[in-house]
Protein chains: 2
Amino acid sequence: MPEAASVPAARTAVIGDSEFDRDTTVTRRESGVYDISLSDGWTIINAVNGGYLLAVLGRALADALPHPDPFTVSAHYLTASQPGPAVVRTQQVRTGRTLSTGQASLLQYDDEGNEVERIRVLASYGDLATLPDDVRTTAKPPAIPPMEQCFGADNSPVPVPGSSAITERLMLRLDPATLGWALGAPSGKGEMRAWFGLADGRDADPLSLLLTVDALPPTAFEIGLKGWVPTVELTVHVRHRPAPGPLRVSIATRNLAGGFLEEDAEVWDSADRLVAQSRQLARVRLG
Amino acid sequence: MPEAASVPAARTAVIGDSEFDRDTTVTRRESGVYDISLSDGWTIINAVNGGYLLAVLGRALADALPHPDPFTVSAHYLTASQPGPAVVRTQQVRTGRTLSTGQASLLQYDDEGNEVERIRVLASYGDLATLPDDVRTTAKPPAIPPMEQCFGADNSPVPVPGSSAITERLMLRLDPATLGWALGAPSGKGEMRAWFGLADGRDADPLSLLLTVDALPPTAFEIGLKGWVPTVELTVHVRHRPAPGPLRVSIATRNLAGGFLEEDAEVWDSADRLVAQSRQLARVRLG
């Protein structure tokens with residue numbers, strides 16, 4: 001497990017120069033093809049976090065497409081990724097005046113060096129800065145206590161088994177109302193809420209929102225289910241560039257049935273804007 | 001506009017022999033490639049309905065993949081489709097024991113006969129019949145009045161401008177609380193609710209659910225916006241084979257901002273199961 005990055009008190013990481021930026025940097029090999037070594041710093045219980053992987057794909061697509069910001073990204077998770085060498089292969093699907101659509105695959109290598117696909121995404125990109133400032137959002141920010149009354153991994157009463165490197169990359173403060181699972185008393189409600197930031201102080205941006213929507217503990221824990229809850233599919237809508245400062249993330253599950261559940265996530269910024277929404281379909285182990 | 005299909009009183013269309021099945025039938029040209037002439041019977045205000053197109057793609061993928069039922073389908077809409085010749089090109093992405101993932105493109109032809117892509121989808125298929133019968137859904141069916149107290153296009157006080165052939169294919173009964181737009185008095189709330197069936201009596205199945213999630217009037221009408229609300233992206237989760245009988249569809253928009261909105265749809269069957277959920281990102285014309 002890498003040592004926690006120590007940042008001098010007078011200097012906070014910034015967008016472009018941070019753990020998140022370093023670990024999602026892709027190197028263009030040729031037009032549309034990018035190499036990366038997936039970091040082992042974003043693993044949770046031995047699995048590379050799906051949101052980190054989505055951000056890697058998002059970074060490559062931002063370079064491959066003529067528009068800078070993800071507007072809607074749809075990802076199907078095929079096989080489990082591992083830290084280490086990977087390649088992202090992108091394709092331009094359609095270029096329009098205000099939106100471009102692309103496709104991207106994240107692949108790794110088997111023992112013979114053959115490419116094995118991990119994730120495939122479709123994504124439509126635009127320029128968030130050009131959107132009109134007309135806001136008629138009727139959704140309300142989540143009811144979450146002030147950050148000082150919420151709890152993080154550093155003051156959690158229960159150690160998380162297996163590799164939990166990602167907890168060192170994040171500033172996560174969970175709503176005590178969604179922390180029962182950590183104390184052996186899950187609420188039974190499919191909810192998870194937290195204040196969210198990056199541990200090195202980097203502010204959020206449209207790409208880091210792709211990480212954010214998949215960075216909280218699974219709602220399944222509060223429902224009382226144990227074990228891995230692998231993502232089958234995840235769609236994210238990025239609706240606005242987030243303001244500086246911590247984010248509030250609220251996740252809800254309302255349809256646990258047949259061995260699958262959905263997780264609906266909302267991400268709110270410090271200006272009370274609903275900056276991202278996502279839904280994922282995940283598999284649960286019943287019983 | 002095609003004549004409304006007249007069905008003898010003693011015979012209702014069935015799954016496999018109905019307007020929906022005929023108009024979504026694809027013909028395999030070669031492995032993975034399917035031809036179809038897109039019907040003009042599923043247009044709304046001169047546009048071919050996006051849910052009908054999704055069902056066409058879903059039909060092709062059901063043939064191309066080893067598993068029969070769509071579990072999660074993510075579609076990016078690229079250019080507007082027209083009635084007439086089209087081809088669906090599919091690709092197997094990954095085959096697993098319980099899930100298979102595929103990709104499909106719907107393309108039509110320009111004046112020179114070149115293929116122009118209309119929609120690209122990623123989809124993961126499984127077998128709904130093999131899912132355990134463990135239901136812990138906490139969501140509740142929509143509060144919608146009994147069907148007799150709801151209204152359809154055949155008794156609507158306001159004609160819909162342009163081609164509205166799709167209204168003849170559907171049995172749609174809208175909640176009067178979400179019909180203000182048709183009377184020049186939109187509620188201002190981003191909601192739309194209706195009882196839904198197919199006009200020829202065919203019961204719902206997993207493929208017709210792909211149509212259902214995009215078959216109601218746009219919530220934008222109730223918000224007071226006029227004009228076309230084109231879908232940019234649509235993701236559907238099919239969670240259970242629907243029981244026979246009418247469906248209840250409830251759609252909500254909570255984040256109209258920056259010229260875009262999301263529509264969250266839930267589809268409930270006659271056994272009170274939440275059989276499908278979807279979210280689309282759509283563009284609005286601001287007034």
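When reading the values below, keep in mind they use all heavy atoms of this one structure, side chains included, and skip hydrogens, waters and symmetry mates. By convention in this document, chain letters (A, B, ...) are assigned in the order of the sequence lines, proteins followed by strands, and residues within each chain are numbered from 1. This is a predicted model, so every value here is computed, not measured.
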Original post:
Taking I223(A), L99(A), T79(A) one by one, which has the highest count of heavy-atom pairs under 4.5 Å against chain B?
Top reply: L99(A)
**OP:** Can you tell which part of R279(B) gets under 4.5 Å to a heavy atom of chain A, answering side chain, backbone, both or neither?
**Re:** both
Subject >> R239(B)/D269(B) salt bridge by N-O under 4.0 Å criterion >> reply: no
**OP:** Can you tell which part of T95(B) gets under 4.5 Å to a heavy atom of chain A, answering side chain, backbone, both or neither?
**Re:** neither
Original post:
Heavy-atom distance under 4.5 Å to chain A: side chain of T72(B), backbone, both or neither?
Top reply: both
Original post:
Which heavy atom in V87(A) sits nearest to a heavy atom in V33(A), and how many Å separate them?
Top reply: CG2-CG1, 3.6 Å
Original post:
Under a 4.5 Å heavy-atom cut-off, does chain A meet the side chain of E262(B), its backbone, both or neither?
Top reply: both
Original post:
Within the side chain of E263(B), is there an N or O that forms a donor-acceptor pair under 3.5 Å with the backbone of T219(B)?
Top reply: yes
Subject >> Most chain A-contacting option - heavy-atom pairs closer than 4.5 Å, from D134(B), V135(B), V121(B), T101(B) >> reply: D134(B)
Original post:
Hey, does N255(A) have a side-chain heavy atom less than 4.5 Å from the side chain of H237(B)?
Top reply: no
**OP:** Let me know if A252(A) has heavy atoms under 4.5 Å from chain B in its side chain, its backbone, both or neither.
**Re:** neither
**OP:** Quick one: which of G259(B), A123(B), G190(B) has the most heavy-atom pairs under 4.5 Å with chain A, could you say?
**Re:** A123(B)
Original post:
What part of Q277(B) lies closer than 4.5 angstrom to a heavy atom of chain A: side chain, backbone, both or neither?
Top reply: both
Subject >> Contact summary for Q92(A) and A64(A), nearest pair of heavy atoms >> reply: NE2-O, 3.0 Å
Subject >> Euclidean distance, L122(B) CG relative to H76(A) NE2, rounded to 0.5 Å >> reply: 5.0 Å
Original post:
Based on non-hydrogen pairs under 4.5 Å, which of G96(B), S278(B), A75(B) is most in contact with chain A?
Top reply: S278(B)
Original post:
For the residue pair F260(A) and F71(B), does the interplanar ring angle fall in the parallel (under 30°), tilted (30 to 60°) or perpendicular (over 60°) class?
Top reply: perpendicular
Original post:
Is the shortest side-chain N to carboxylate O distance from R254(B) to D264(B) below 4.0 Å?
Top reply: no
Original post:
Side chain, backbone, both or neither: which part of T253(B) has a non-hydrogen atom closer than 4.5 Å to chain A?
Top reply: backbone
Original post:
Top residue by heavy-atom pair count (under 4.5 Å) with chain A, among T130(B), D133(B), L261(B), L128(B)?
Top reply: L261(B)
